[in-house]
Amino acid sequence: MALSNAYLKDVFETVSKRNCGEKEFLQAVSEVLESLEPVIEKRPDLVEAGVIDRIVEPERVIIFRVPWVDDNGKVQVNRGFRVQFNSAIGPYKGGLRLHPSVCASVIKFLGFEQIFKNSLTGLPMGGGKGGSDFDPKGKSDMEIMRFCQSFMTELSKHIGADTDVPAGDIGVGAREIGYLFGQYKRLRNEFVGVLTGKGLTYGGSLARKEATGYGLCYFTSEMLSCMANTSFEGKTVVVSGSGNVAIYATEKATELGAKVVALSDSNGYIYDPNGIQLDIVKDIKEVKRGRIKEYVDRVPGSTYTEGCKGIWTIKCDIALPCATQNEIDKESAEALVANGVMCVSEGANMPSTPEAIETFQKAGILFGPAKAANAGGVATSGLEMSQNSERLSWTFEEVDAKLKGIMINIFHNAYNAANEYSQAGNLVAGANIAGFLKIAEAMKAQGVC
Ligand code: NDP
């Protein structure tokens, strides 16, 4: 890595030793530390208070066994995680991911990113993340329910409406949140806002489902307008994934005048030169829980290609990676640049490798980093917590307007921090610095803890 400050190098060495081989976590830490070099020079008081030494170490890591019984009566065992990373500015907040790739490194990287993202929203939320290596694909509803009940039986000992408030992420949508909430309520005999992303009949917020995708587009619109005097209008857009974030990013980008021509899943991607018909995608993915390739059976003129990486070879003006970490490597970034992409904005967490980011930045492409661009989901989760505390429900329009305001603010905070620390136009640095400073002040004020 390209750290030049001796103190930061030392911090990174310690983190590397303590978290040996955890490549996703080390990648996330190294990006943030690089961005903090100019801050360290201006703020020796934060070094003295040991803020950076402390921020890279989770406050608590909980790892637990999740035993459950499948439909054949066979006992299955998965591993559960909750990383409570930082509570300096509020209760831990961050999603639960159910995917076979989940391990300590993935959950720690997500929890670490979440600290800065939550700080950027301006809402009082600390950073955390959790999940399991359970694969929900192909499981029956009853298997999902039994897994979720077992997972919550242990997790309930560590969370609470004022302690730690999990939400959804990959593999965790309304169905899973419902089962998790039901089990928490049963175990604790408490009806409280301990999870967000809840159903609308039991304390969920309107616009939470749409929030990450919509927020990504609000952030990207502001970036296009302020940094390139343009908009989504008339642009061709490629979106990866076809889950919650991808679907609602497609919906809002289309509403803003763009044509989205591609979507993917972990098996392959579809291309529709006439613009994706989202009602068909929603039916396949949200109603039938099917695969994206089923789209081509229903839409003449569209094509399906096996393998998801090829999606980045499609010519587009704007790319919105909304699937998973490290899905755009250097080669894919170079293909996007060669095809004339003018903006890349991240809906997924850490979807671009460091080499891909460098490729975009060198080519002068507008780049919206995940922790700023996809913060709309957690911001709206924060709004769900406020509604639960007030025992009130706001209208869709009220929540959407607040979300838009938050995303515009996040863009300007990141943009201004980049300018202030001599990194004009570098929103990666700007988002890291702006997110960090608020946490750092809180940690310093609260003493060594
Ligand atoms: P979903 O589970 O709803 O969807 C994930 C999508 O990504 C699926 O279409 C999945 O396909 C696809 N995918 C997974 N792995 C790969 C891969 N290796 N290559 C291509 N496609 C892949 O998750 P979300 O939409 O909620 O989350 C997507 C990303 O956005 C994640 O990085 C998440 O952390 C991030 N995010 C989500 C937020 C939210 O509010 N939901 C908030 C902020 C960030 P398949 O079905 O084949 O697995």
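Ligands are counted one by one from 1 in listed order, and the atoms in each one are counted from 1 as well. Just so we're clear, the structure is a prediction, and the values are computed from it rather than from any experiment.
- With Lys371 as the partner, the side chain to side chain donor-acceptor pair (under 3.5 Å) test is satisfied by one option alone out of Asn349, Asn118, Asn432: Asn432.
- Relative to the ring axis of Phe191, Lys185 does not place its NZ or CZ within 45° and under 6.0 Å from the centre.
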Could you check ligand 1 for N or O atoms lying under 3.5 Å from protein N or O atoms and list the pairs with distances?
residue  : atom   : partner : partner atom : Å
ligand 1 : 2 (O)  : Gly171  : N            : 3.0
ligand 1 : 3 (O)  : Asn244  : N            : 2.9
ligand 1 : 9 (O)  : Ser242  : N            : 2.9
ligand 1 : 9 (O)  : Ser242  : OG           : 3.3
ligand 1 : 9 (O)  : Gly243  : N            : 3.4
ligand 1 : 11 (O) : Ser266  : N            : 3.4
ligand 1 : 25 (O) : Asn244  : N            : 3.2
ligand 1 : 25 (O) : Val245  : N            : 3.0
ligand 1 : 32 (O) : Arg97   : NH2          : 3.4
ligand 1 : 32 (O) : Asn349  : N            : 3.1
ligand 1 : 34 (O) : Arg97   : NH2          : 2.9
ligand 1 : 34 (O) : Asp169  : OD1          : 2.6
ligand 1 : 34 (O) : Asp169  : OD2          : 3.3
ligand 1 : 34 (O) : Asn349  : ND2          : 2.8
ligand 1 : 40 (O) : Arg208  : NH1          : 3.4
ligand 1 : 40 (O) : Arg208  : NH2          : 3.0
ligand 1 : 40 (O) : Thr212  : OG1          : 2.7
ligand 1 : 46 (O) : Arg291  : NH1          : 3.1
ligand 1 : 47 (O) : Ser266  : N            : 2.8
ligand 1 : 47 (O) : Ser266  : OG           : 2.4
ligand 1 : 47 (O) : Arg291  : NH1          : 3.4
ligand 1 : 47 (O) : Arg291  : NH2          : 2.6
ligand 1 : 48 (O) : Lys137  : NZ           : 3.1

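- Taken from CD in Glu22 to SG in Cys103, the straight-line distance is 7.0 Å, to the nearest 0.5 Å.
- Taking the six-membered ring for Trp, Phe109 and Phe85 have ring centres at least 6.0 Å apart.
- The side chain to side chain contact (heavy atoms under 4.5 Å, CB included) test with Tyr92 is passed by exactly one of Arg60, Met125, Gln114: Arg60.
- Cation-pi contact between Lys139 and Phe134: present, with separation from the ring centre below 6.0 Å and deviation from the ring axis of at most 45°.
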